[in-house]
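First up is the structure itself, then whatever we jot down about it.
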Amino acid sequence: MKRIVFLVLTVFTMISIQAQSESKQGKIVYSNSKIQLDGKLNEPIWNELIPEGGFLNYMPNNGVTASNTTEVKMFHNGKNLYISAVYHDSIPRVQIGSLKRDHIGVTGAESDSFAIMLDTYNQQQSGFFFIVNMGGALIDALLARRGDGFRVSTSWNTVWNARTSVQGNLKIYEVEIPLKALGYKAESSEWGVMFHTRNIKLNEWTTSTPIDRNYSLFDLRFAKTFQVENLSENRSSRFAVTPSITMNHAEDVLNSTKDDMVKPSLDVQVNVTSSLKLDATINPDFSQIDVDRQVTNLSRFSIFFPERRNFFLENSDLFNNLGVGGVNPFYSRRIGADSEISFGLKLSGNITEKTRLGVLNVATKSNDDIAAQNYGVLVVQQQLSRSFTATGFMINRQETDGFSFLNDYNRVGGVNLNYQSKNNKWTGHANLATSATNDVSGDNNFYNIGVWYNNINASGYLGVKKVETNYITDVGFVPRLYNFDATSGTVIREGYTQSRGRISLTKFYKNSKVIDNHRYLNLWNDTYWDDEGNVIQSTVVLNNDLVFRDQSVLFGGVRYEYVDLKYAFDPLNNGNAIVPDAYKYFDAGFGYSSAENRKLQYGGNISYGSYYSGFKNQISLNTQYRLMPLARLQLRYERNGIDLKELGSETFHLARFTGEVFFSNRLNWTTYVQYNTQFDNFNINSRLQWEYKPLSYIYLVISDNYNQNIARKDWGVAFKMNYRFDF
């Protein structure tokens, strides 16, 4: 173990490069001024503050001073953080993509909007993300380190507000964020801050700090440090209590059964300190969340779906980033998947400036032959230096009988080490974990090491991971460990070693009026070995992307696959399984996606090639039409045709319609219609959502399920209402 740690430290240290000079520090001043939030900026304080300016183009013409200037001002009064932004647009017209809260890809990215990123611990590990568009629609999200960059979770919500106005060519944003919504330490008065403006009409992003196009817009490593004056513990509110009630009627048509339910629930959040929060949920109901988007799965393994339940999302990066892609010891969607949650407790946040703590405990009820369970997670994250962060964790799943713990358990413990070079070009991580299960012993470890390199024209990755046969994670997501044999109908657990390599080369054309960038090489390889050292799968993909000035994209690529199939596989679901053997197959495809700023967007792709012992073709089409500010309509269709010769042939159809109607930025009606022949399902889900008070909602949800022949299987209607009290 010591040799492994020494090797990891040596590798990461060798690739460390001298830090670039830091930006001049900014200041968030203190003032006891009062603000009437109206988007007009007519209070005296706004004229007294020194603006932050000098915005740069992120896209297009990366690094060039923005032709349309932005001026941002900030102050706090001990209770709220106030931010104003004035964007000098060259076009007086306003363009909005959506008025739906938290729809970051459309409400934020496809609208004229203003974005704020706050790293309140200035550790470049996690932060808060706020966006408001010119229609007044809000997006709040959490940012967290993941791999070589940062990921966004928009399911997190907090109370904040913003108002906008238009004065000629000026787009004005006025934002109020309660300090109690932000985790911070009063003695740590340095925050990392970034701002972005989006002009969808020009397909332009501008940023307050220089960010190369090879990094994401919300990469906290590029935040500017701001000194916060007179920052103190915020004690204006210690509790947020949200009771709710759900009334549900469900009918199972196939079995001629009906069920009526009235379910009260309670969510409580306690600000233990301004940086540490305690969340509790009792008898929770999650009927209001969006349905998962259906997919066609032609692989042999399970597909990952993101967590959408709000209780699991506060400081979720602490719990969800304990592994790597495809091998994660904690996957919160396992909790409550087969039985109801009776209660949950979570304590999360910073206990010191450089130490974060996460404690989670959730109990589920018994359900028929499924026993009651208790789930516990303990995570401690320590920033060792500006470049190194270490995380230790312990996860426990244990069967319960009342208040007694039974001898049916699964436990996973481990340690992670993350590295980032001071010039942000190199990123690395190493993972070591082990599991313990009541009736299993030996071969229960997981090892991983990976290194990324990233600059404006070239990026790459090299990594190796090993999953042993008995690395069992009952509350995790390790799909490749479990192999289904279609002949015997059994699941075989089998360890593996994986290597992954990728190299990408891109050229940007600043002076071209037609082409924005060309990724002329994107080559990656995945290879898997079994425990005997035999190659069981190897994939090689070569892609080429051409992005035009209006951000429309033309793309294409080829894929080669070698599979030493050890267990029978039935992708057609017709009882004629592909037999174990060595298979080599190849396919190629291309596609196009139109510009995002058009009222009518469209795109699609087509591919054709061999597939195991036969052939496969795929066609995918999608279109979107905006009737803003009234509605947004989307349609997607995917067709997969498979011909396995004597084993049979099948065509899988997947169609999805999404219709959104906006009565205001707080009242909307969303309908999903999904048709999936692979899983014999035709689903309609319609949801009316009204945010009648900040984070207080009324939902009316109707769900109807049919088979592919449009014969009804079941249906239901649910009404839910909650109200948030702040004390």
Side-chain angles (χ1 to χ4, degrees), residues 4-23 117-129 142-153 188 190-194 207 209-225 315 317-318 320-325 350 353-356 379-393 414-432 448-465 500-504:
I4 295 175
V5 173
F6 178 76
L7 176 61
V8 170
L9 289 170
T10 301
V11 171
F12 290 163
T13 301
M14 288 176 61
I15 61 179
S16 180
I17 303 176
Q18 181 66 31
Q20 296 175 332
S21 60
E22 297 183 357
S23 301
M117 277 129 286
L118 301 173
D119 178 2
T120 54
Y121 297 100
N122 203 27
Q123 294 180 357
Q124 303 176 359
Q125 297 296 320
S126 63
F128 303 92
F129 194 11
L142 298 176
L143 298 174
R145 284 293 300 271
R146 182 72 171 174
D148 64 333
F150 285 78
R151 300 295 181 266
V152 177
S153 172
S188 304
E190 289 188 346
W191 292 7
V193 181
M194 288 195 297
T207 63
T209 59
I211 307 175
D212 287 341
R213 285 280 295 276
N214 51 301
Y215 297 99
S216 69
L217 275 162
F218 40 80
D219 194 318
L220 292 175
R221 291 173 292 183
F222 296 93
K224 179 179 177 179
T225 299
N315 286 307
D317 65 295
L318 270 172
N320 295 334
N321 295 342
L322 302 178
V324 294
N350 278 63
E353 180 181 354
K354 296 185 178 181
T355 306
R356 299 177 72 200
V379 182
V380 179
Q381 184 183 92
Q382 178 69 39
Q383 185 174 11
L384 304 176
S385 68
R386 195 67 173 177
S387 296
F388 288 96
T389 302
T391 304
F393 64 90
V415 61
N416 305 327
L417 183 66
N418 290 276
Y419 167 83
Q420 60 181 36
S421 69
K422 295 178 181 179
N423 66 355
N424 299 324
K425 292 184 178 180
W426 293 94
T427 306
H429 63 193
N431 308 76
L432 173 65
N448 172 76
I449 185 169
V451 178
W452 288 266
Y453 175 77
N454 194 3
N455 72 20
I456 188 68
N457 297 120
S459 64
Y461 171 77
L462 184 62
V464 178
K465 67 175 68 121
R500 168 171 288 189
R502 180 183 64 84
I503 183 171
S504 180

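Side-chain atoms are counted along with the backbone in the values below, which use heavy atoms only and exclude waters and symmetry mates.
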| query | Who are the side-chain hydrogen bond (donor to acceptor under 3.5 Å, both in side chains) partners of Asn321, not counting sequence neighbours? | reply |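 Here the qualifying residues are Arg146.
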| request: Check side-chain hydrogen bond (donor to acceptor under 3.5 Å, both in side chains) between Lys354 and all other residues, then give those that pass, not counting sequence neighbours. | output: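 Once residues adjacent in sequence are excluded, Lys354 has no partner under the side-chain hydrogen bond (donor to acceptor under 3.5 Å, both in side chains) criterion.
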| Is the backbone of Gln420 close enough, under 3.5 Å, to the side chain of Ser387 for a donor and an acceptor to pair up by distance? |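 Yes, the answer is positive, given that a donor and an acceptor are paired below the 3.5 Å cut-off.
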| request: Using modelled atom types only, decide if a donor and an acceptor are shared between the side chain of Asn214 and the backbone of Asn455 within a distance under 3.5 Å. | output: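 Flag set: sc Asn214 to bb Asn455 pair under 3.5 Å.
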| field | Worked verdict on Leu142 versus Phe128 for side-chain contact (heavy atoms from CB on, under 4.5 Å) | value | CA-CA 5 Å; Leu142 298 176; Phe128 303 92; 3.8 Å; yes
Minimum heavy-atom distance [X]-[Y], with the two atoms named:
{"X": "Asp219", "Y": "Met194", "value": "O-CE, 3.2 Å"}
{"X": "Tyr461", "Y": "His429", "value": "OH-NE2, 4.5 Å"}
{"X": "Asn424", "Y": "Tyr215", "value": "O-OH, 2.8 Å"}
{"X": "Ala390", "Y": "Leu384", "value": "CB-CD1, 3.9 Å"}
{"X": "Phe150", "Y": "Gln124", "value": "CZ-O, 3.3 Å"}
{"X": "Arg221", "Y": "Thr427", "value": "NH1-OG1, 3.3 Å"}

pair [X]-[Y]: side-chain heavy atoms closer than 4.5 Å:
{"X": "Phe222", "Y": "Asp212", "result": "no"}
{"X": "Asn448", "Y": "Val464", "result": "no"}
{"X": "Val379", "Y": "Thr391", "result": "yes"}

| query | Between Tyr121 and Glu353, does a side-chain contact (heavy atoms from CB on, under 4.5 Å) hold up when you go through it step by step? | reply | CA-CA 7 Å; Tyr121 297 100; Glu353 180 181 354; 5.5 Å; no
| query | For Val380 and Thr355, what are the C-alpha separation, side-chain angles and deciding distance, and is it a side-chain contact (heavy atoms from CB on, under 4.5 Å)? | reply | CA-CA 7 Å; Val380 179; Thr355 306; 4.2 Å; yes
| message | Checking Arg151 now: which residues fulfil salt bridge (Lys or Arg N to Asp or Glu O under 4.0 Å) with it, not counting sequence neighbours? | response |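 Arg151 satisfies salt bridge (Lys or Arg N to Asp or Glu O under 4.0 Å) with no other residue.
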| task | Take the angle between the ring planes of Phe388 and Tyr419 and call it parallel below 30°, perpendicular above 60°, tilted in between. | result |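 The rings of Phe388 and Tyr419 sit tilted, inter-plane angle from 30° to 60°.
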| request: Evaluate side-chain contact (heavy atoms from CB on, under 4.5 Å) for Asn350 paired with Arg356, printing each intermediate quantity in order. | output: CA-CA 4 Å; Asn350 278 63; Arg356 299 177 72 200; 3.3 Å; yes
| query | Hey, are Gln383 and Gln125 close enough side-chain-wise for a donor-acceptor pair under 3.5 Å? | reply |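 Side-chain D/A pair, Gln125 to Gln383: absent.
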| field | Atom pair CD/CG of Gln381 and Leu322 - distance to nearest 0.5 Å | value |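 Here the interatomic distance stands at 9.5 Å.
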| field | Separation of Leu220 CG from Leu118 CG (nearest 0.5 Å) | value |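 The distance works out to 9.5 Å.
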